[in-house]
Asks: 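Take a look at the following structure, please.
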Amino acid sequence: MKASKIAYKPVGLALGAVSGMVAGAAFKQAWKMLGHDEDAPDATDEERSWNAVLLAATLQGAIFAAVKAAVDRAGATATRRLTGTWPG
């Protein structure tokens, strides 16, 4: 394994934590923008419909994947600019 990959591991872990927080906040805002005042339903929330649960899960998954990809790509690009090598 290249030294650059090993050196990038802690950076990647930190970026993953940041992306999770950003994605969580983005999901909450998106859920509110869809007209839902309350928190997104959990899969085991008996009071919520199947449609609400599946919509929330789909939206949350899409947002988390997009934010993670954007943050990972930005981190790799910044690493290349700083070190001259791509960390992946």
Side-chain angles (χ1 to χ4, degrees):
M1 185 178 280
K2 289 183 178 181
S4 63
K5 284 186 180 182
I6 294 170
Y8 184 73
K9 288 288 185 187
V11 173
L13 289 172
L15 289 174
V18 169
S19 68
M21 290 187 298
V22 170
F27 171 68
K28 285 182 182 183
Q29 288 302 315
W31 189 251
K32 286 180 186 176
M33 286 176 56
L34 288 173
H36 302 280
D37 293 332
E38 53 209 61
D39 291 334
D42 292 324
T44 57
D45 190 346
E46 187 178 18
E47 302 297 319
R48 299 292 191 74
S49 70
W50 273 86
N51 288 341
V53 169
L54 295 179
L55 174 64
T58 301
L59 180 63
Q60 186 177 32
I63 289 172
F64 269 78
V67 170
K68 182 178 179 348
V71 170
D72 286 349
R73 186 66 178 200
T77 302
T79 299
R80 175 182 245 165
R81 286 186 189 142
L82 291 171
T83 66
T85 60
W86 192 260

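Because only heavy atoms are used, hydrogens play no part in the values below, and waters and symmetry mates are left out as well, while side chains stay in. This structure is a prediction, so every number in the text was calculated from the model and none was measured. Counting from 1, the numbers follow the sequence of the chain as shown.
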Asks: Side-chain polar contacts of residues 12-25 - donor-acceptor pairs under 3.5 angstrom, sequence neighbours left out - could you list them?
Replies:
residue	atom	partner	partner atom	Å
Ser19	OG	Leu15	O	3.3
Ser19	OG	Gly16	O	2.9

Asks: For residues 56-74, dump all side-chain donor-acceptor pairs below 3.5 Å to protein atoms at least two apart in sequence or in another chain.
Replies:
residue	atom	partner	partner atom	Å
Thr58	OG1	Leu54	O	2.8
Lys68	NZ	Asp72	OD2	2.6

Asks: Write out all pairs satisfying salt bridge (Lys or Arg N to Asp or Glu O under 4.0 Å) with one or both partners inside residues 76-88, taking only residues at least two apart or from two chains.
Replies: none
Asks: Tell me the closest heavy-atom pair linking Arg48 and Asp39, and the distance in Å.
Replies: NH2-O, 2.9 Å
Asks: Taking all non-hydrogen atoms of both residues, which atom of Trp31 and which atom of Ala52 are closest, and how far apart?
Replies: CH2-O, 3.8 Å
Asks: Where do Pro87 and Tyr8 come nearest, in terms of heavy atoms and distance?
Replies: CB-CG, 3.5 Å
